[in-house]
Amino acid sequence: MRIDGVAYRSVWVNAEDGWSVHILDQTKLPWAVEIVRLTDVAQAAHAIRAMQARGAPLIGALAAYGMCLALRADVSTDAMERDAKLLAATRPTAVNLGWALERMLTRLRNTLPAERVPVAYAEAAAIADEDVAQNQAIGRHGLPLIEAAAARKGGKRVNVLTHCNAGWLATVDWGTALAPIYTAHNAGLDLHVWVDETRPRNQGAALTAWELGKHGVPHTVVADNAGGHLMQHGDVDLAIVGADRVTRAGDVANKIGTYLKALAAHDNRVPFWAAVPSSTIDWTVSDGVAEIPIEERSAAEVTDVTGRTAAGRIETVRVSPLDSAAANPAFDVTPARLMTGLITDRGRCDASIAGLLELYPERRQGVV
Ligand code: MRU
């Protein structure tokens with residue numbers, strides 16, 4: 001996608017030195033576009049943990065490049081296994097992280113140590129390129145949902161609600177939930193996006209609003225609690241969210257607050273879809289509420305808010321009493337029964353084991 005006319009991915013290898021890894025520092029957006037150069041595995045792990053790079057598919061791709069940086073320092077099998085564990089421990093909920101690391105290790109364990117570095121870069125590039133292709137496919141498979149909503153409204157503007165940031169910043173390019181939106185916008189459909197602010201870290205207000213704005217997509221930021229009201233008044237035609245992990249039964253783990261939006265959508269008969277690349281499906285897990293590990297982040301993300309003052313300074317202020325405790329579960333699980341369906345890179349399906357197996361018949365043996 002483009003920032004002021006220049007095409008970017010959210011992670012890339014420095015074209016000049018051919019090995020260091022660049023990311024956009026998402027903790028600085030929307031106030032500044034800052035590129036961070038990562039040169040070792042500790043920096044890559046820090047970037048994921050501190051959410052300089054975030055979003056399930058992106059942390060998978062960055063972890064893959066983190067392995068490249070790790071191998072540049074030490075190609076031995078012991079170091080490789082240790083550094084993969086270091087990267088895997090950065091964030092627990094998004095399955096893409098473990099998926100990408102396992103794919104890298106499978107390739108690298110079968111490679112002689114002396115040959116590992118170029119093989120690792122090639123595999124990481126393949127993961128990144130496949131992510132872009134999968135997200136474009138999600139865009140194509142999601143487009144008919146927006147077209148159908150437009151047809152139902154006689155061509156009047158379609159309102160789509162989204163939560164958190166599942167746009168190009170959260171992936172290598174295009175995004176998952178935003179891919180159908182970009183595809184529809186590029187095709188000339190009249191649409192508008194309700195952007196949940198997504199407390200506590202404000203990925204919606206800071207990141208989704210920024211990237212939609214850069215692409216010229218009409219949007220409005222709303223407080224997290226506004227969605228139910230908007231749905232009751234017919235102001236949401238459909239909701240599309242991303243996912244950090246989808247179970248084989250179709251339960252969807254995503255940013256905290258997604259479940260409440262799904263409940264409101266269900267009550268108001270608003271279609272509620274999750275956009276899911278294949279790498280986000282965890283075939284080993286069935287019951288999302290019981291089995292998906294939910295990241296608990298720092299209480300400071302809840303008690304404090306960072307933003308730009310009228311004078312242009314970036315400042316962090318405390319919004320709750322100094323002696324109040326805060327809890328910060330970062331994700332929740334929406335049970336499959338509340339999902340209208342899943343938009344995958346292979347097509348759309350019911351959020352159920354039968355629906356998923358129709359698109360992934362090769363998984364039939366392992367799960368039934
Ligand atoms: O904590 P974050 O910002 O990494 O959470 C991101 C989300 O919850 C996204 O919706 C999800 O990763 C899908 S990204 C395409």
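All heavy atoms count here, side chains included; hydrogens, waters and symmetry mates do not. Given the structure is predicted, the values throughout are model-derived calculations rather than measurements. Remember, it's 1-based here, ligands and their atoms both numbered in the order they're listed.
- Note that CD1 of I59 and CD1 of I23 are 12.0 Å apart. Values are rounded to the nearest 0.5 Å.
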Requested in this report: Run the numbers on R54 and Q203 for side chain to side chain donor-acceptor pair (under 3.5 Å), then give the verdict.
Outcome: CA-CA 10 Å; R54 29 69 48 204; Q203 289 95 326; over 6 Å; no

Side chains of residues 328-346: which donor-acceptor pairs under 3.5 Å do they make with residues two or more places apart or in other chains?
| unit_1 | atom_1 | unit_2 | atom_2 | d |
| --- | --- | --- | --- | --- |
| N328 | ND2 | S298 | O | 2.9 |
| N328 | ND2 | E301 | OE1 | 2.9 |
| D332 | OD1 | Y259 | N | 3.3 |
| D332 | OD2 | G257 | N | 2.7 |
| D332 | OD2 | T258 | N | 3.4 |
| D332 | OD2 | Y259 | N | 3.3 |
| T340 | OG1 | F272 | N | 2.7 |
| T340 | OG1 | F272 | O | 3.4 |
| T344 | OG1 | R346 | N | 2.9 |
| T344 | OG1 | G347 | N | 3.2 |
| T344 | OG1 | G347 | O | 2.8 |
| D345 | OD1 | S278 | N | 2.8 |
| D345 | OD1 | S278 | OG | 3.1 |
| D345 | OD2 | S278 | OG | 3.0 |
| R346 | NH1 | L359 | O | 2.9 |
| R346 | NH1 | E362 | OE1 | 3.2 |
| R346 | NH1 | E362 | OE2 | 3.1 |
| R346 | NH2 | E362 | OE2 | 2.9 |

Using a cut-off of under 3.5 Å, which N/O atoms of ligand 1 pair up with protein N/O atoms, and what distance separates each pair?
| unit_1 | atom_1 | unit_2 | atom_2 | d |
| --- | --- | --- | --- | --- |
| ligand 1 | 1 (O) | R91 | NH1 | 3.4 |
| ligand 1 | 1 (O) | R91 | NH2 | 2.8 |
| ligand 1 | 1 (O) | K255 | NZ | 2.7 |
| ligand 1 | 3 (O) | R54 | NE | 2.8 |
| ligand 1 | 3 (O) | R54 | NH2 | 3.1 |
| ligand 1 | 3 (O) | Q203 | NE2 | 2.9 |
| ligand 1 | 4 (O) | G55 | N | 3.0 |
| ligand 1 | 4 (O) | R91 | NH1 | 2.8 |
| ligand 1 | 8 (O) | D244 | OD1 | 2.8 |
| ligand 1 | 8 (O) | N254 | OD1 | 3.1 |
| ligand 1 | 8 (O) | K255 | N | 3.3 |
| ligand 1 | 10 (O) | N254 | OD1 | 2.6 |
| ligand 1 | 12 (O) | A56 | N | 2.9 |
| ligand 1 | 12 (O) | D244 | OD1 | 3.3 |
| ligand 1 | 12 (O) | D244 | OD2 | 2.9 |

Report task. Let me see the working for S76 and D74 under side chain to side chain donor-acceptor pair (under 3.5 Å), right down to the final yes or no. Result -> CA-CA 6 Å; S76 72; D74 189 339; 2.9 Å; yes

Query raised in the report: What do the steps show when you test R248 against D282 for salt bridge (charged side-chain N to carboxylate O under 4.0 Å, His left out), and what is the final call?
Result: CA-CA 6 Å; R248 62 176 184 263; D282 185 346; over 6 Å; no

Query raised in the report: Can E102 and R109 be said to form a salt bridge (charged side-chain N to carboxylate O under 4.0 Å, His left out), step by step?
Result: CA-CA 10 Å; E102 209 39 58; R109 283 176 188 136; 3.4 Å; yes

